[in-house]
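For reference, the structure is listed below as structure tokens.
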Amino acid sequence: MTKPGIDVPGFGVGLAILRDGRILLYRRMKAPEAGHWNIVGGKVDHMEPAEHAARREAEEETGLSIGTIDFVGVTEQIIEADHQHWISLLYRTSDFTGEPALTEPDKLSDFGWFDFDALPEPLSAFTRAILPLLR
């Protein structure tokens, strides 16, 4: 079976969730970039519109109910250390209800709201790619 991101370039999405001038980040536990702080997101399923995937992944990872999202750009990440290659559509939202939680503790270990001038390290390549698009 072909593995997206490993055997062929993967197609993914990322969603920056914003509140009161801060961004919600989660610490990854698995490759790519285990241990890095990341926006929420993941793989787009076959026949799934990317915008739906962004909302689905965000809701699965945070427990939030996501409303309107806006497209902000595209990123291509070749992560040599993990031998992974991803092309991702990036979105942003401040339209959500609920409070974030750690709903996938097998994939994510910590989370928090961070000011843009006090971001945790290390940041994932995906997060670094979206930051200039949020300013």
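Along the sequence shown, residues are numbered consecutively beginning with 1.
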_Looking only at side-chain N and O atoms, does H36 offer a donor or acceptor that is under 3.5 Å from a partner on E121?_
no
_Regarding E59 and R55, does a basic nitrogen lie under 4.0 Å from an acidic carboxylate oxygen?_
no
*Report yes or no: does E61 contribute a side-chain atom to a donor-acceptor pair with the main-chain N or O of G41 at less than 3.5 Å?*
yes
*Applying the 4.5 Å side-chain criterion to the ILVMFWY set and letting contacts propagate, would W113 and L123 be lumped into a single cluster?*
no
*For the residue pair P4 and K43, what are the closest heavy atoms and their distance?*
CG-CD, 3.9 Å
_Measuring only between side-chain heavy atoms, which start at C-beta, is W86 closer than 4.5 Å to F11?_
no
*asked:* R27 and side chain to side chain contact (heavy atoms under 4.5 Å, CB included): which single residue from L102, L108, D110 fits?
replied: D110
*Does T62 use its side chain to pair, donor to acceptor, with the backbone of P100 at less than 3.5 Å?*
no
*Counting only N and O atoms by type, is there a donor-acceptor contact under 3.5 Å from the side chain of T127 to the main-chain atoms of I39?*
yes
*Examine distances only and state if a side-chain atom of Q77 and a backbone atom of I87 form a donor-acceptor pair shorter than 3.5 Å.*
no
_Tell me whether the rings of F111 and Y26 are parallel (<30°), tilted (30 to 60°) or perpendicular (>60°)._
parallel
*Just by modelled atom types, is the T68 backbone N or O under 3.5 Å from a matching donor or acceptor in the T93 side chain?*
yes
*Between OG on residue S94 and CG on residue D20, distance to nearest 0.5 Å*: 9.5 Å
*Qualifying salt bridge (charged side-chain N to carboxylate O under 4.0 Å, His left out) pairs, either residue in residues 96-106, two or more places apart*: R19-E99, E104-K107
*Parallel, tilted or perpendicular: rings of F114 and W37 (30°, 60°)*: perpendicular
